[in-house]
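We name chains A, B, ... by the order of the sequence lines, and we start the count at 1 in each one.
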There are 2 protein chains.
Amino acid sequence: MDKSEADEPVLAAFPAKAHDHGHCVAEALQAAEAVCAERGQRLTDLRRQVLALVWNRHEPVRAYDLLEQLRDEKRNAAPPTVYRALDFLLDNGLIHRIESLNAYVGCGAPHNAHAGQFLICRDCSAVAELDDPEIARSVTTRARELGFRVQRQTIEVMGLCPDCGPD
Amino acid sequence: MDKSEADEPVLAAFPAKAHDHGHCVAEALQAAEAVCAERGQRLTDLRRQVLALVWNRHEPVRAYDLLEQLRDEKRNAAPPTVYRALDFLLDNGLIHRIESLNAYVGCGAPHNAHAGQFLICRDCSAVAELDDPEIARSVTTRARELGFRVQRQTIEVMGLCPDCGPD
DNA sequence: ACACGAAGTGTTATATTATTACATTTCGGC
DNA sequence: GCCGAAATGTAATAATATAACACTTCGTGT
């Protein structure tokens, strides 16, 4: 694992149009195995399947889309099936929830706890995940000035990614 | 109107425990009238009623809570009744939607278009609305470095307000 | 004043997202 | 192998939001 990853503000950049996506998925699953092993958490078949489905695209995926896909392999899957797996993955920082879309994306740096900041393309739905300390600090600093104790930052930025929004 | 308001990072601070809340509502309605008049938009009775209900507390309010309250005065109110009013109020910047709560709060500075940043207390649900240029700039700057064109920032911070989270 | 078209609202139905409650199965430690 | 805890199956329902179409109201132009 890249030890410097925690210091980089960009945890998951916009993917190149054609990249070895199988590699992304494989790497994510491997990282998830490692994280769960470390913590004594059980990455069951079901949870692994759902995580793989989330990672199938570099886009936010909705719970009922996951459910539909999951049913291909598991005919009796129901909403709680998916939501329980998502809850587990969220709790363990393996995925993030995009509040403004009611959707979920794979986490690019599951080893380090972080809330993250997300850049989401309106056109192609691609997502980049950041963990920029300066952004986080600017929020925390102002909040503290107002006597507010920050527990969690939700930062979601809609706009156009490099491919979709030429300058 | 206070001309300096657009330059202040805090658009709506946490309210004092006991304040003249009737004044908040009255002021919000008056500001809404002014904004709509300026833009040739119609602040109908229904929209005014919904806006008043949103302003009844300095907390995010959910659509179906509004609906229930609205039915006291308007027995035939249905979901679209509320959602259409909310859409109008959102479009005109008279309220904001808190994505992480599926809820709505009154806007403290409806004259100036802004996405805002929100500090939300986990304990008492009070909300402070900011429009801090430094926070916005830290986001925009990093995004631009990545070739991302920002259209809208959603920034919602959960934590403890001064009353609920003593240092 | 009146007719017209656009905007707003009423009404019913339904789509989408998420949770509750309880039964059953699986897993890991002993 | 047995036990308790964790995970999953299953049915029902809650919570949030929108679609579609009918009807009413409003402002404008004449």
Side-chain angles (χ1 to χ4, degrees), chain A residues 32-33 36-54 59-92 94-105 125 154 156, chain B residues 32-33 36-54 59-92 94-105 125 154 156:
Chain A
E33 297 285 2
C36 289
E38 239 173 67
R39 302 181 192 162
Q41 295 284 63
R42 290 168 54 193
L43 188 63
T44 61
D45 283 351
L46 181 57
R47 291 164 176 173
R48 195 178 2 252
Q49 274 176 67
V50 171
L51 181 58
L53 289 174
V54 170
E59 293 176 20
V61 195
R62 291 170 300 161
Y64 277 71
D65 285 349
L66 291 170
L67 176 56
E68 195 180 340
Q69 293 177 257
L70 190 59
R71 281 210 240 246
D72 291 347
E73 303 173 78
K74 230 179 148 43
R75 279 218 310 288
N76 57 354
T81 313
V82 165
Y83 281 105
R84 285 194 285 231
L86 290 173
D87 284 346
F88 173 87
L89 298 170
L90 286 168
D91 285 349
N92 287 282
L94 301 173
I95 61 173
H96 294 284
R97 178 177 158 82
I98 305 296
E99 299 289 348
S100 54
L101 298 174
N102 295 333
Y104 306 82
V105 290
S125 298
T154 298
E156 301 172 1
Chain B
E33 297 284 2
C36 289
E38 238 173 66
R39 300 181 192 160
Q41 295 284 64
R42 290 169 52 196
L43 187 62
T44 62
D45 284 351
L46 180 57
R47 291 164 176 173
R48 195 177 1 251
Q49 274 177 67
V50 172
L51 181 58
L53 289 174
V54 170
E59 293 176 19
V61 194
R62 291 169 301 161
Y64 277 72
D65 285 348
L66 291 171
L67 176 55
E68 196 180 338
Q69 294 178 256
L70 190 59
R71 281 211 240 246
D72 291 346
E73 303 174 76
K74 233 181 143 42
R75 280 218 309 290
N76 57 353
T81 312
V82 164
Y83 281 105
R84 286 194 286 230
L86 290 173
D87 284 347
F88 172 87
L89 298 170
L90 286 168
D91 286 348
N92 287 283
L94 301 173
I95 61 174
H96 294 285
R97 178 177 157 81
I98 305 296
E99 299 289 348
S100 54
L101 298 174
N102 294 334
Y104 306 82
V105 289
S125 298
T154 297
E156 300 172 1

**OP:** Would you please confirm or rule out a distance under 4.0 Å between OP1 or OP2 of C:dT16 and any side-chain N or O of A:Arg62?
**Re:** no
**OP:** Mind listing the residues from residues 66-77 of chain B sitting with a heavy atom below 4.0 Å of DNA chain C? Number order is fine.
**Re:** B:Lys74, B:Asn76
Subject >> Closest-nucleotide ordering on DNA chain C, the 5'-leading residue of B:Arg47 and B:Asn102 >> reply: B:Arg47
**OP:** Could you tell me whether the phosphate oxygens of C:dT17, OP1 or OP2, come under 4.0 Å of any side-chain nitrogen or oxygen in B:Tyr64?
**Re:** no
**OP:** Would you check if B:Leu66 and B:Leu86 make a side-chain contact, meaning some heavy-atom pair closer than 4.5 Å?
**Re:** yes
Subject >> Interface with DNA chain C, restricted to residues 78-86 of chain B and to heavy atoms under 4.0 Å >> reply: B:Ala78, B:Pro80, B:Thr81, B:Arg84
**OP:** Examine the side chains of A:Thr154 and A:Glu99 and answer whether a donor and an acceptor come within less than 3.5 Å of each other.
**Re:** no
**OP:** For D:dA17, take OP1 and OP2 only and decide whether either is under 4.0 Å from a side-chain N or O of B:Arg97.
**Re:** yes
Subject >> Trace of the side chain to side chain donor-acceptor pair (under 3.5 Å) decision for A:Asn102 with A:Arg97 >> reply: CA-CA 7 Å; A:Asn102 295 333; A:Arg97 178 177 158 82; 2.9 Å; yes
Original post:
What's the spacing between B:Arg62 CZ and B:Glu68 CD if we round to 0.5 Å?
Top reply: 9.5 Å
**OP:** Determine whether B:Val54 and B:Leu94 make a side-chain contact, defined as any pair of heavy atoms from C-beta on separated by less than 4.5 Å.
**Re:** no
Subject >> Nearest heavy-atom neighbours spanning B:Glu156 and B:Ser100 >> reply: OE1-OG, 2.5 Å
**OP:** Give the minimum heavy-atom separation between B:Cys36 and B:Leu43, together with the two atoms involved.
**Re:** SG-CB, 3.9 Å
Subject >> Reported CG-to-CG distance for the pair B:Asp65 and B:Leu70, which is rounded to 0.5 angstrom >> reply: 12.0 Å
**OP:** May I ask you to decide whether B:Arg48 forms a salt bridge with B:Asp45, counting only side-chain N to carboxylate O separations under 4.0 Å?
**Re:** yes
Subject >> A:Leu51, A:Thr81, A:Val82 screened by side-chain contact (heavy atoms from CB on, under 4.5 Å) with A:Leu46, the one that passes >> reply: A:Thr81
**OP:** Using a 4.0 Å cut-off on protein heavy atoms (strictly under), produce a 5'-to-3' string for nucleotides 25-30 of chain C with B for base contact, S for backbone-only sugar-phosphate contact, and - for none.
**Re:** --S---
Original post:
Side-chain contact, heavy-atom cut-off 4.5 Å: A:Asp91 with A:Phe88?
Top reply: no
Subject >> Separation of atom CG in A:Leu90 from atom C1' in C:dA18, rounded to whole Å >> reply: 13 Å
